[in-house]
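Here the structure comes first, spelled out in structure tokens, and everything after it is commentary.
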Amino acid sequence: MAMLNLPPRISDSLLLLIDAQRFLAHMSIDGSQRLVQIGGHLEHYGLIGLQPGDLASDPLPLLEGLLPLAETPFLIRSMEMPSKRIADVHFFADDDETVWVLLLDVTAEYEETRLVQQKAYDMTLLSQREARLIAQLEAANQELTRAHDALAASREALQLTHDRLQQELRDAERYVRAILPAPLEGPIAIDWRFVPTTELGGDSFGYHWVDEAHFAIYLIDVCGHGVGSALLSVAVADTLRSQALSNTDFRQPAEVLSALNLAYQMESHGELFSTVWYGVYQRATGQLRYASAGHPPALLVSGTGKGPGNAEPLPAGGPCIGISPAVRYQEAQCVLQSPARLFVFSDGTYEITRTDGSMLEFEDLAAALSRPVADGRSELDDLLEYARETHGPGALEDDFTIIKMAL
């Protein structure tokens, strides 16, 4: 092969180096979006059992809505794979409409960047106020005649500033909770649990009547944690709550996600993307219309909870909000027959590491929500207790957010 006009032995060595360090995996996809060729370290990314002829979007849901390519080459940075590894996903289109997809592992760089961003978010407010205080202290030192008193005053002022900032962070957490909607009682009963992994998490949610006949319910999960993720999550939820997307019918889930994606592109929002589940329930017919942007499927559980129920996932595919303005979203629908319970949740409710190092699966969450609920107990409290017992001591790795709508 020729690469950059290098001799084959050098270009082959470079390819072997990339393969060894970045766990190169590849696949080619034909015009019907089915796999043609596969190879490389696919198992490193949790892509096991792939065969030519398989539908490409089954192992990689992020492909749904992206093909055919609007531009080539095309790059999606830092996507989480089924194995929880982080990969840059490169797309290349051939003249015969074949699309090549290359995966390169960037987990180490992603984790380092995430930690740096997290620290920067948490320290921004403190750094700004400390800078102003230092400037005030420098001016005060010129007027004070006794250096000892000035140093004592500065130490006290710094401590007061630190305490005040901590209080402001706690106030911000209370504000985020205060704007969450209250549980509902009646023909449509709503309950929820929201436990961020840090003081400020990346999850938010809401529900409201779009009009007298249609009830909207939605959940947002912004990547990462801390001030930046919390602010973006609250902003997206407020956009949906206030229906602040122009020329958008908020009774049409796919239309809502498309407008939301255009409004919250990553390059304009701190390189943060989000998953969103948005559904609209029509009270008169019992019809639920819903769409998903990279979000886990909702669960529909039959019965009231007094006895065992049947948990049915409600799949809907679509890329995360903010990745590309050219993506498209599809809508799905079903009929809710009372008695039934609809659960909408973030992945932090089931992607929980056990004490032995293994991880809960989506099926474990479905099984837990299908069990009978004892009198006087809340199945959401039982689920949270189950998650904490499974995880063991310490905070959960991700925000635990779940909404229940009971009919």
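Residue indices begin at 1 and follow the sequence shown.
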Close side-chain approach of R354 and D364, heavy atoms under 4.5 Å: yes
Quick one: does any side-chain atom of D94 pair with a main-chain N or O of E97 as donor and acceptor, under 3.5 Å? no
Looking at Y207, F205, F345, which one forms a ring pair (Phe, Tyr, Trp, His ring centres under 6.0 Å) with W192? F205
Check: G322 main-chain N/O paired with N261 side-chain donor or acceptor under 3.5 Å: yes
With E109 as partner, the option from R114, R22, R85 fulfilling salt bridge (charged side-chain N to carboxylate O under 4.0 Å, His left out) is R22
Could you tell me which non-hydrogen atom of A93 sits nearest to which non-hydrogen atom of T72, and how far apart they are? N-OG1, 2.9 Å
Tell me, yes or no, whether the heavy-atom count around Q243 atom CD, taken from other residues, nucleotides or ligands under 6.0 Å, exceeds 12. yes
Side chains of L245 and L262: closer than 4.5 Å at any heavy-atom pair? no
Tell me the closest heavy-atom pair linking R341 and A406, and the distance in Å. CG-CB, 4.0 Å
Full working for salt bridge (charged side-chain N to carboxylate O under 4.0 Å, His left out) between K84 and E351: CA-CA 10 Å; K84 305 304 177 185; E351 291 185 348; 2.6 Å; yes
Does any N or O in the side chain of S242 come within less than 3.5 Å of the main-chain N or O of D238, such that one atom is a donor and the other an acceptor? yes
Could you walk me through whether I321 and I220 pass the side-chain contact (heavy atoms from CB on, under 4.5 Å) test, one step at a time? CA-CA 10 Å; I321 296 295; I220 304 102; over 6 Å; no
Does this structure show an ion pair linking D211 with R251, if we count only N-O contacts that are shorter than 4.0 Å? yes
I29 vs T98, side-chain contact (heavy atoms from CB on, under 4.5 Å): CA-CA, chis, key distance, verdict: CA-CA 6 Å; I29 304 167; T98 299; over 6 Å; no
Decide if atom CD of Q337 counts as having more than 12 heavy atoms of other residues, nucleotides or ligands within a radius under 6.0 Å. no
Donor-acceptor under 3.5 Å (S204 side chain, V234 main chain): no
Taking all non-hydrogen atoms of both residues into account, name the closest pair between S378 and R193 and its distance. OG-NH2, 3.3 Å
Among I86, L103, T107, L42, find the one that has a side-chain contact (heavy atoms from CB on, under 4.5 Å) with M81. L103
Is there a side chain to side chain donor-acceptor pair (under 3.5 Å) between Q282 and R289? Walk through the geometry before answering. CA-CA 8 Å; Q282 187 175 21; R289 304 171 68 181; over 6 Å; no
Report yes or no: does Y329 contribute a side-chain atom to a donor-acceptor pair with the main-chain N or O of P319 at less than 3.5 Å? yes
Compare all side-chain heavy atoms of M405 with those of L336 and state whether any distance is below 4.5 angstrom. yes
Can a donor-acceptor pair be found, under 3.5 Å and without considering hydrogens, that links the side chain of S258 to the backbone of V256? no
Could you tell me whether the side chain of Y278 and the main chain of A216 form a donor-acceptor pair under 3.5 Å? no
Using the side-chain contact (heavy atoms from CB on, under 4.5 Å) rule, take H295 and V276 through it: C-alpha gap first, then chi angles, then the decisive distance, then the call. CA-CA 6 Å; H295 204 80; V276 179; 5.7 Å; no
Is the Y281-F215 ring centre distance short of 6.0 angstrom? no
Close side-chain approach of F91 to E71, heavy-atom, < 4.5 Å: no
Taking atom CZ as the centre, does R77 end up with more than 12 heavy-atom neighbours from other residues, nucleotides or ligands that are less than 6.0 angstrom away? no
Can you confirm whether E397 is buried at CD, in the sense that more than 12 heavy atoms of other residues, nucleotides or ligands lie under 6.0 Å from that atom? yes
Could you tell me whether D12 and R9 have a side-chain N and a carboxylate O separated by less than 4.0 Å? no
Out of curiosity, C223 SG to M79 CE, how far, rounded to the nearest 0.5 Å? 10.0 Å
Can you tell me how far apart OG1 (T353) and CG (L396) are? Round to the nearest 0.5 Å. 9.5 Å
Taking C-beta and beyond as the side chain, do S78 and D88 meet within less than 4.5 Å on heavy atoms? yes
Could you tell me the separation between the CG atom of L62 and the CG atom of L67, rounded to the nearest 0.5 Å? 9.0 Å
With side-chain contact (heavy atoms from CB on, under 4.5 Å) as the criterion, how do E379 and Y386 come out once you've worked through the C-alpha distance, each side chain's angles and the decisive distance to 0.1 Å? CA-CA 10 Å; E379 57 200 314; Y386 169 62; over 6 Å; no
So, the side chain of R283 versus the backbone of E212: is there a donor-acceptor pair under 3.5 Å, distance only? yes
From I352 atom CD1 to E361 atom CD, the distance as rounded to the nearest 0.5 Å: 11.5 Å
Any idea which heavy atoms bring K306 and P372 closest together, and the distance? O-CB, 3.7 Å
Quick one, L383 and L365 - any side-chain contact, counting heavy atoms below 4.5 Å? yes
Check R241 against Y218 and note the closest heavy-atom contact, atom names and distance. CA-OH, 3.3 Å
How far does CD1 of I76 sit from CG of L66, to the nearest 0.5 angstrom? 5.0 Å
More than 12 heavy atoms of other residues, nucleotides or ligands under 6.0 Å from CG of D356: yes or no? yes
Given 3.5 Å as the limit, does a donor-acceptor pair link the side chain of Y45 with the main chain of F23, or not? yes
Flag, side chain of S233 to backbone of S229, donor-acceptor distance under 3.5 Å: no
Does any part of the side chain of V99, heavy atoms only, come nearer than 4.5 Å to the side chain of S28, both counted from C-beta? no
Write down the atom of V280, the atom of F250, and the distance for their closest heavy-atom approach. CG2-O, 3.6 Å
Applying the side-chain contact (heavy atoms from CB on, under 4.5 Å) test to M27, which of L47, L102, V36 qualifies? L47
Any side-chain heavy atom of L104 sitting closer than 4.5 Å to one from H90? yes
As an exercise, state the distance from OH of Y350 to CG of D398, rounded to the nearest 0.5 Å. 10.0 Å
Would you check, one step at a time, whether the test side chain to side chain donor-acceptor pair (under 3.5 Å) holds for D203 with S346? CA-CA 8 Å; D203 287 2; S346 63; 2.9 Å; yes
Would you call E385 and R388 a salt bridge, taking side-chain N to carboxylate O under 4.0 Å as the test? no
